[in-house]
Amino acid sequence: MFIRIKENKDKKTGKIYKYYKLVETVQTSKGPRQKVILHLGKMEISEEERKLLPKLIERRLAGKQEHTKFSDLEKKVDTAIQKYREKLSREVERKEEKAKAIYAEIDLNSTNQTFYRSVGLELICDHFWRNLQFDSILSQCNFSRKEKDLAKTIIFGRLISPGSELHTMRWFFNQSSLLEMLLSDLSEAKRDSFYEISDLLYVHKTKIEDHLRQNTKKLFSYRDTIYLYDLTNTYFEGRKQNSNLCFHGKSKEKRSDCPLVTLALVVDQNGFPKYSRIYKGNQSEPLTLKATLNKIYSSSDNLLDYLEKPSIAMDRGIATKDNIQYLKDNNYSYFIIERRDAARDYKEEFSNIIQEGKKYKTRSGQTIYLKKKNEKDCVRVLVYSVMKSQKEDSIIGKRESRFFEDLAALIKSNKNGYIKDKQKILIRLGRLKERYGAIANLYNITLENDSKKGYVSRISFKRKLGKISKKDSSGCYVIETDNHNYTAEEIWEFYMNLNEVESAFRSFKTDLGTRPVYHRRDSRIESHLFISVLAYSILKSIIYSLNQKGYKKSWKLIKEILSNHMRGTTIQQSKSGEIYNIRVNGIPEKEALIIYKLLDMKIRPERKIKKQKIHL
């Protein structure tokens, strides 16, 4: 064996690129020829290493492990050996395919195609279904084979084509190849089966979540360091009368006109769901923390869950004094943005944070300034974000300008004599305060009465002295933790993990189509939301695995890429009059192949041939 160098010149830049090949000399009928054993590609390699590399590869293939003074060279040997073995594996597969070859004389004009069904997304979801050992989890809940396949169908449907159970049925029978991948026959499954399997999954919710939590940690080999806790709500069509779950409240989707239900979710530092719980739509957020954490540990059989309690990160809406005290009493470390607007308490420190604070560049390229303050029982990190300040200033500026426009319109109407009645003016001012809230409260609005004519002759306004606006503290917030050992940067990074739970909620409502919900019964509403939690476990596993390999695309883009990978039937007629129906997975396109390769998935044709004779 020896190394051969091939040079390619870039026509635009004139730069020469060197490519290396591992070759050997073989005897042929036409004399000695060079046979390429392996394409090594581009490498940074010295002349001495180039001479040594083929010898090391040859000895390694013979089973001899040798070390050299070139540490980088050993890595190149390992890479070459791996490539060589992959090449041999592909050659074996091709030989096996050739051995199974079926030959027939075909009329090419008879070729036709039919019965296309999507297969790419089903394959990737099934890959992680097996990796997370869902079948084993459901077996421990005494699910039958048919029930496992129904559960797989309803969860995959939420991942691939979100919608109601009726929509999932249509997708399953008319668009997906999943029916062919299952071990049981669901070709006669009715709509009630899809509703009932959702109910059955929710009955075993606690056990399923506990096992899934453990399987996720085994699959990705990590330890929980932080739990991120937050709540969201989603709205429902219809009145939901007599429901014990759906109530009107403050909607996070600006749909307070609809009945709501609340979903509490705990995810870890990587964004994997750990526990979910469904509350009433008008549930007070702070009251949920204690019950949720108690439920996680009461449902777990794993001793490590009790010994290695992670830190808890919460948003300011949950971090009441009682909840902070509860965390301290139960040996939890915590990271929070305080419920009260603590930025105003540190107005002096924030005024010179750019001069005295530590400048920090985030992974996304944003500039922030951090200032750590060690206090008696906690640490507070003052954070000023330049981008956040610009964004908040813009939002507040727009609201201020609209407030002044509306107030100016009222003053003008009064001046021109269109609105003079005091009661009507007070109603208009009340609406302004309702619409603009904190901005309107910064100003004193005075009405001057004409005592003789009995109406308001003039409206004026003046800024209240000492009143601080939100604009004065835009871009500023305070993170509190009880852990004194972390640096200001580490504390900020820990808290920013809270974006993972917000990302999960976004996926629930967009990627997984959780909203709106049309179910009438409370139990079905709970089942519907739990299906989204299970589907998100698979979605997050896919995204996380690809991110680890440097492939950072959203689930929406991944779905677009894999949607072109189809399974179809090719129909051909032979010369002897036989009709061949060949059902086969299509060849994946380039971008889809990249995804499959990164996930170490071997996509096979899964060919089925049905032959029938035409009787003339």
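Heads up: numbering here begins at 1 and tracks the sequence.
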Participant: Of all heavy-atom pairs between Ser389 and Tyr384, which one has the smallest distance, and what is that distance?
Facilitator: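 Shortest heavy-atom separation between Ser389 and Tyr384 comes out as OG-OH, 3.4 Å.
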Participant: Measure across Ile137 and Leu132 and return the closest heavy-atom pair with its distance rounded to 0.1 Å.
Facilitator: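 Ile137 and Leu132 have their closest heavy atoms at CD1-O, 3.8 Å.
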Participant: Using modelled atom types and a 3.5 Å cut-off, is there a donor and acceptor pairing between side-chain atoms of Glu405 and backbone atoms of Glu400?
Facilitator: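 Between the backbone of Glu400 and the side chain of Glu405 there is no qualifying donor-acceptor contact (under 3.5 Å).
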Participant: Can you see whether Glu493 engages Tyr360 through a side-chain donor-acceptor pair at a distance of less than 3.5 angstrom?
Facilitator: yes
Participant: Between the main-chain N or O of Gln140 and the side-chain N or O of Lys207, is there a donor-acceptor pair closer than 3.5 Å?
Facilitator: yes
Participant: Quiz question: by atom type and distance under 3.5 Å, do the side chains of His167 and Ser161 form a donor-acceptor pair?
Facilitator: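 On atom types as modelled, these side chains qualify, holding a pair under 3.5 Å.
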Participant: Show your reasoning for whether side-chain hydrogen bond (donor to acceptor under 3.5 Å, both in side chains) applies to Thr168 and Arg158.
Facilitator: CA-CA 8 Å; Thr168 300; Arg158 188 65 57 84; 5.8 Å; no
Participant: Are any non-hydrogen side-chain atoms of Tyr332 and Ser311 less than 4.5 angstrom apart?
Facilitator: no
Participant: Using the side chain to side chain donor-acceptor pair (under 3.5 Å) rule, collect all pairs that involve residues 545-561, keeping only residues at least two apart or in two chains.
Facilitator: Tyr551-Glu591
Participant: May I ask you to check whether over 12 heavy atoms, not counting those of Lys433, lie within 6.0 Å of atom NZ?
Facilitator: no
Participant: Taking the six-membered ring for Trp, are the ring centroids of Tyr443 and Phe404 within less than 6.0 Å of each other?
Facilitator: yes
Participant: Which heavy-atom pair separates Arg435 from Asp406 by the least distance, and what is that distance?
Facilitator: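 For Arg435 and Asp406, the tightest heavy-atom pair comes out as NH1-OD2, 3.0 Å.
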Participant: Can Val383 and Val381 be said to form a side-chain contact (heavy atoms from CB on, under 4.5 Å), step by step?
Facilitator: CA-CA 6 Å; Val383 186; Val381 175; 4.0 Å; yes
Participant: Could you go through Arg380 and Glu375, starting from their C-alpha distance and side-chain angles, then the distance that decides it, and tell me whether this counts as salt bridge (charged side-chain N to carboxylate O under 4.0 Å, His left out)?
Facilitator: CA-CA 7 Å; Arg380 287 191 172 95; Glu375 301 189 2; 2.4 Å; yes
Participant: Rounded to the nearest 0.5 Å, what separates atom CD1 in Ile561 from atom CD1 in Ile594?
Facilitator: 8.0 Å
Participant: With a 3.5 Å distance limit and no angle check, can you tell me whether Ser198 reaches the backbone of Phe194 through a side-chain donor-acceptor pair?
Facilitator: yes
Participant: Any chance you could lay out the side-chain contact (heavy atoms from CB on, under 4.5 Å) test for Tyr486 and Asn483, step after step, and finish with the verdict?
Facilitator: CA-CA 7 Å; Tyr486 293 119; Asn483 198 315; 3.2 Å; yes
Participant: For Tyr326, is there any backbone N or O sitting under 3.5 Å from a side-chain donor or acceptor partner on Asn330?
Facilitator: yes
Participant: Is there side-chain contact between Tyr369 and Glu356, with at least one heavy-atom pair below 4.5 Å?
Facilitator: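 Tyr369 does not reach Glu356 side chain to side chain.
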Participant: For Val267 versus Pro273, what's the shortest heavy-atom pair and its separation?
Facilitator: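 Where Val267 meets Pro273 most closely, the heavy atoms are CG1-CA, 3.9 Å.
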Participant: Just verifying a value: how many Å separate Leu231 CG and Ile318 CD1, rounded to the nearest 0.5 Å?
Facilitator: 5.0 Å
Participant: Testing the 3.5 Å rule here: is there a donor-acceptor pair between the side chains of Thr292 and Tyr229?
Facilitator: yes
Participant: Quick one: does Glu147's side chain have a donor or acceptor within less than 3.5 Å of a partner on Ser144's backbone?
Facilitator: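 Yes.
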Participant: Would you indicate whether Asp600, at its atom CG, is surrounded by more than 12 heavy atoms from other residues, nucleotides or ligands within a distance under 6.0 Å?
Facilitator: no
Participant: Charged N to carboxylate O under 4.0 angstrom, Asp482 versus Lys328?
Facilitator: no
Participant: Is the shortest side-chain heavy-atom distance between Ile542 and Leu539 below 4.5 Å?
Facilitator: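 Counting from C-beta outward, Ile542 and Leu539 never come under 4.5 Å.
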Participant: I need the Trp129 CH2 to Lys152 NZ distance, nearest 0.5 Å.
Facilitator: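 Rounded to the nearest 0.5 Å, the CH2-NZ separation comes to 6.5 Å.
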Participant: Tell me whether Lys358 is salt-bridged to Glu489, with the criterion being a basic N under 4.0 Å from an acidic carboxylate O.
Facilitator: yes
Participant: Determine, for Arg130 against Asp135, whether the closest basic-nitrogen to carboxylate-oxygen distance falls under 4.0 angstrom.
Facilitator: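 Judged by the 4.0 Å cut-off on N to carboxylate O distance, Arg130 and Asp135 do not form a salt bridge.
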Participant: Got Ile154 and Leu201 here, is their nearest side-chain heavy-atom distance under 4.5 Å?
Facilitator: yes
Participant: Do Thr367 and Lys361 meet the criterion of a side-chain donor-acceptor pair at a distance under 3.5 Å?
Facilitator: yes
Participant: Tyr334 and Glu480: side-chain donor and acceptor closer than 3.5 Å?
Facilitator: yes
Participant: So Leu245 and Glu526, do their side chains get closer than 4.5 Å, heavy atoms only?
Facilitator: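 Yes, their side chains come closer than 4.5 Å.
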Participant: For the residue pair Phe272 and Phe220, is the inter-centroid distance of their aromatic rings smaller than 6.0 Å?
Facilitator: yes
Participant: Please find the pair of heavy atoms, one from Ala319 and one from Met314, that lie closest to each other, and give the distance.
Facilitator: CB-CE, 4.1 Å
Participant: Roughly how far apart are Asn323 CG and Glu285 CD, rounded to 0.5 Å?
Facilitator: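 If I round to the nearest 0.5 Å, the distance is 11.0 Å.
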Participant: What about the rings of His204 and Phe143, do their centers lie closer together than 6.0 Å?
Facilitator: yes
Participant: Would you say Lys464's side chain and Asn441's backbone share a donor-acceptor pair under 3.5 angstrom?
Facilitator: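 Between the backbone of Asn441 and the side chain of Lys464 there is a qualifying donor-acceptor contact (under 3.5 Å).
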Participant: Can you name the closest pair of heavy atoms from Leu212 and Ser537 and give their distance?
Facilitator: CD2-OG, 3.3 Å
Participant: Quick check: are there more than 12 heavy atoms from other residues, nucleotides or ligands sitting under 6.0 Å from CD of Gln355?
Facilitator: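 Enclosed.
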Participant: Working to the nearest 0.5 Å, report the span between OH of Tyr202 and CD1 of Ile208.
Facilitator: 11.5 Å
Participant: Quick one: pull up CG in Asp393 and NZ in Lys391 and give me the separation to the nearest 0.5 Å.
Facilitator: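 The NZ atom of Lys391 is 12.5 Å from CG of Asp393, to the nearest 0.5 Å.
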Participant: When you compare the side chain of Ile558 with that of Leu562, does any pair of heavy atoms fall below 4.5 Å?
Facilitator: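 Yes, their side chains come closer than 4.5 Å.
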Participant: May I ask you to decide if Ser284's main-chain N or O and Thr288's side chain share a donor-acceptor pair within less than 3.5 Å?
Facilitator: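 Side chain of Thr288 to backbone of Ser284, a donor-acceptor pair under 3.5 Å: no, none is there.
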Participant: For the backbone of Ile368 and the side chain of Lys388, can you confirm whether one donor and one acceptor N or O come within less than 3.5 Å of each other?
Facilitator: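 It does not hold such a pair.
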Participant: May I ask you to say whether Lys290 pairs ionically with Asp322, meaning some side-chain N is under 4.0 Å from a carboxylate O?
Facilitator: no
Participant: Out of the candidates Asp268, Thr216, Asn270, only one should pair with Tyr222 under the side-chain hydrogen bond (donor to acceptor under 3.5 Å, both in side chains) rule; please name it.
Facilitator: Asp268
Participant: Could you tell me whether Arg213 and Glu209 have a side-chain N and a carboxylate O separated by less than 4.0 Å?
Facilitator: no
Participant: Do His211 and Asn215 pair up side chain to side chain, a donor and an acceptor below 3.5 Å, judged on atom types alone?
Facilitator: no
Participant: Show your reasoning for whether salt bridge (charged side-chain N to carboxylate O under 4.0 Å, His left out) applies to Arg524 and Glu165.
Facilitator: CA-CA 11 Å; Arg524 287 279 158 82; Glu165 279 76 0; over 6 Å; no
Participant: Hey, are the side chains of Tyr536 and Leu512 touching, using non-hydrogen atoms and a 4.5 Å cut-off?
Facilitator: yes
Participant: Pairing donors with acceptors under 3.5 angstrom, does anything connect the side chains of Lys540 and Ser507?
Facilitator: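 There is no such pair (donor and acceptor under 3.5 Å, judged by atom type) between the side chains of Lys540 and Ser507.
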Participant: Please answer whether the main-chain N or O of Asn233 pairs with a side-chain N or O of Thr262 as donor and acceptor at a distance below 3.5 Å.
Facilitator: no
Participant: Using atom types as modelled and distance alone, determine if a side-chain donor or acceptor of Ser401 lies under 3.5 Å from a backbone N or O of Lys398.
Facilitator: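 Yes.
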Participant: Going by atom types alone, do Ser118 and Glu122 pair a side-chain donor with an acceptor below 3.5 Å?
Facilitator: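 Yes, side-chain donor-acceptor contact under 3.5 Å.
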Participant: Heavy-atom distance under 4.5 Å between the side chains of Ile160 and Leu178, does that happen here?
Facilitator: no
